[in-house]
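What follows is a set of notes on a single structure, which appears directly below.
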Amino acid sequence: MRAVDAIMECLKAEGVDVVFGYPGGANLPTYDAFYDAGIHHVLVRHEAGAGHAAEGYAKATGRVGVAFGTSGPGATNLVTPIMDAMMDSVPVVFFTGQVRTELLGTDGFQEADTIGITMPAVKHSFLITDPREIPRTIHEAFHIASTGRPGPVVVDLPMDLTKADIPYEPVTDVQLPGYQPRTAGNAKQIRQAARALAAARRPVFYTGGGVISAGAHESLRELVREGGFPITSTLMGLGAYPAPDPQWLGMLGMHGTRAANYAVDEADLLVAIGCRFDDRVTGKLSEFAPRAKYIHIDVDPAEISKNIPAHIPIVGDAKLILPKLLEDYRTLDADKARMDDWWQRIHTWQDRHPLSYEPGENGEIKPQQVIQAIYNVTGGEAIISSDVGQHQMWAAQYFHYPEPRRWINSGGLGTMGFGLPAAIGAQMGMPDMLNVVVTGDGSIQMNIQELATIRQENIPVKVVILNNGYLGMVRQWQELFWQERYSQVDMHTFGGEEAFPDFVKLADAYGIRGLRLTESASLEDDLRAAFEAEGPAFIDVRVTRDEKVYPMIAPGEAARNMVG
Amino acid sequence: MVDTNELLSLDDLHAAGSVRSGRKHVLSVLVENKPGVLTRVSGLFTRRGFNIDTLSVGPTDDERISRITLTLDGASQPIDQVTKQLHKLINVLKIKDLQPAETVARELALFKVSCDPQTRSEIRELAEVFRGKIVDIGKKSIIAEITGERSKIEAFEKLVRPYGLVEMIRTGEVAISRGREET
Ligand SMILES: Cc1ncc(C[n+]2csc(CCOP(=O)(O)OP(=O)(O)O)c2C)c(N)n1
Ligand SMILES: [Mg+2]
């Protein structure tokens, strides 16, 4: 069998139903196999679109996403999504074409050292040197991408090897001697954690994207509900615990709620699960939860005590650990009343500092209001893919995520241009869900070419641009920390005589329904109509230009000094 | 209902990990003998800002496996972070943080020293005291080979420097644990 046909067989054996990619010289053999392999290949308009779409697919479904690109520029265009998947622990296998083996190292046409370039950005990578290795390698790649702490794996395929004839036999016994992710969690440590929880008077759960990757949200909910604990999460962890909910404090960190940040600040016990104490969460590290002891549960041992030394480290799969923790906790029969004062204090913060903004004047639309309108229109029943900037923070603050895998964004790398292609992937993976992109006038222009992909595949995503005419987040920092010296942030998409591009006309050019919303009063109805109409929509919402995201922990500051 | 404070006092919990040991560490790392593995290891060190004092690589008795011996300063970086990050590399099979008391460590160094007929014999004698060998003798220079622990090599270096050290090359330490158990 041709090696490329074996690749198709392997993909099918891995249950791959859709891939995202772009052809070129070095992966021509692979594309020949796609011609009649019976795998849905989505032709994107830029390899970054393929990579982010594969990420969106993986984030929405929990299955491995797959992206294809050619050698050289195809591979380098994939670098951003590869790094993005690394930072957010997204299981994606990237297949890159490579020049013929005889040309390797000679600066051949469209040669790039893909393995070298991507090395610090991958969980693992493979350069194929023998075509007979291809099937086994592909299964190893899927295994590595999807187990333990998930992440990106690159498979670099020299063109001549993909043309070879190989004996193909299904591979079912993947075994990697140097890779055995730990799963169960140490029973003694779990017991100790349960005792600490029972002793804590001011506990807070702080959970991250790892809970969602592990599929541990059910057990998390059970434990938190039964114990009556307050819970907050990182940007990446939204939806693991349903919002809104009486025990839910909102997100923590730089733009988290005051209740969440103050609670962490005063906690005596922090239960950190599947999270990594990122600087956007902790603010000034030495003043993060300064009174707390830490339980840290993570499948990646290197995350434990990386930034803050843990008191009770538990390495393993949260899905296996949390039920045991609950079981142990039950036997201790702890008295909930020990947390009465704590809850009272939390409620005071919640009452005093709800998320809020001034309503717009003269019918102007506030960006926060747009997110609230999307929430009201969808009732939370939508997958929200976001880009990066102020709109992203508002989408995290004002949309309440009732389930995991409903909030898809680039958290670790903060990649503008992520949202639109990610939504393509999410929609392909979850065809029956309403998919909404929340984006900015800056971000959308970073991968706007994917409107053509949407059109070609008739992918019914609803793109909502919070158009403030600015690189708003950068502008916010210039306003707050750089003496209002607004350098290179005016995007000219709103304000001034002629705003460009005209997003409505642009959508029209792609054959997609475009509309512009400027009326606060009819915003919700207009969005509803746009969401209910069939097919994709591209919605330019003109919002207050100089709105800022609040509250905020200034970089390097302590949580208790939040402003706004 | 149990008084929860009797069960465990949070004050009794102490944080572990990320400690700086303050001493030199020798890590013996078994890796798969595949292309690019050394790059992955050294790339990891660069990216995470870990400093390696010496690194040496060689084959083992199993041709599929190589051994990397690393020496690092445990005062400037938490060794547990280093080993945990190394373990995440798929090609890394086993890591041992060798305990100084239970380890035999050796390094080989070649010293090219200027000499004249008179100092030549002095240098030869020094090498003898260090159980070294003279491996090349020229008119104006002599090459000595010294094997031993780092301190021994550094001591020899100090002694020959005044004669005029033309150049010196060191392999970096290799190490193996004492006793029957495998490293
Ligand atoms: C690829 C990339 N380049 C630059 C940045 C830095 N950056 C972060 S937010 C932002 C502004 C985003 O503007 P827009 O998409 O309009 O969103 P807004 O903040 O206005 O809501 C920029 C430039 C980034 N995150 N990603
Ligand atoms: Mg903007």
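To find a chain, count down the sequence lines: A is the first, B the second, and so on, and within it residues start at 1.
Tested against A/Phe288 for a side-chain contact (heavy atoms from CB on, under 4.5 Å), the candidates A/Asn307, A/Leu270, A/Asp265 yield a single pass: A/Leu270.
Salt-bridge annotation for B/Glu107 and B/Arg150: absent, with no side-chain N of the basic residue lying under 4.0 Å from a carboxylate O of the acidic one. Using a cut-off of 4.0 Å between Lys/Arg side-chain N and Asp/Glu carboxylate O, A/Lys293 and B/Asp11 are scored as not salt-bridged.
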Please assess A/Tyr206 against A/Tyr294 for the test ring pair (Phe, Tyr, Trp, His ring centres under 6.0 Å), listing each intermediate value before the final yes or no. CA-CA 10 Å; A/Tyr206 145 44; A/Tyr294 298 89; 8.6 Å; no
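Looking at B/Leu89, only its backbone comes within 4.5 Å of chain A, counting heavy atoms on both sides. Neither the backbone nor the side chain of A/Leu127 comes within contact range of chain B; no heavy atom of the residue lies under 4.5 Å from a heavy atom of that chain. Looking at A/Ser125, the atoms closer than 4.5 Å to chain B (heavy atoms on both sides) sit in the backbone and in the side chain alike.
Contact count against chain B (heavy-atom pairs under 4.5 Å) is highest for A/Asp300 among A/Leu176, A/Ile312, A/Asp300. Ranked by heavy-atom pairs shorter than 4.5 Å toward chain A, the options B/Lys88, B/Arg40, B/Gln85 are led by B/Arg40. Among B/Leu93, B/Thr46, B/Leu44, the residue with the largest count of heavy-atom pairs under 4.5 Å with chain A is B/Leu93.
Under 3.5 Å, the side chains of A/Ser89 and A/Arg149 contain a donor-acceptor pair of N or O atoms.
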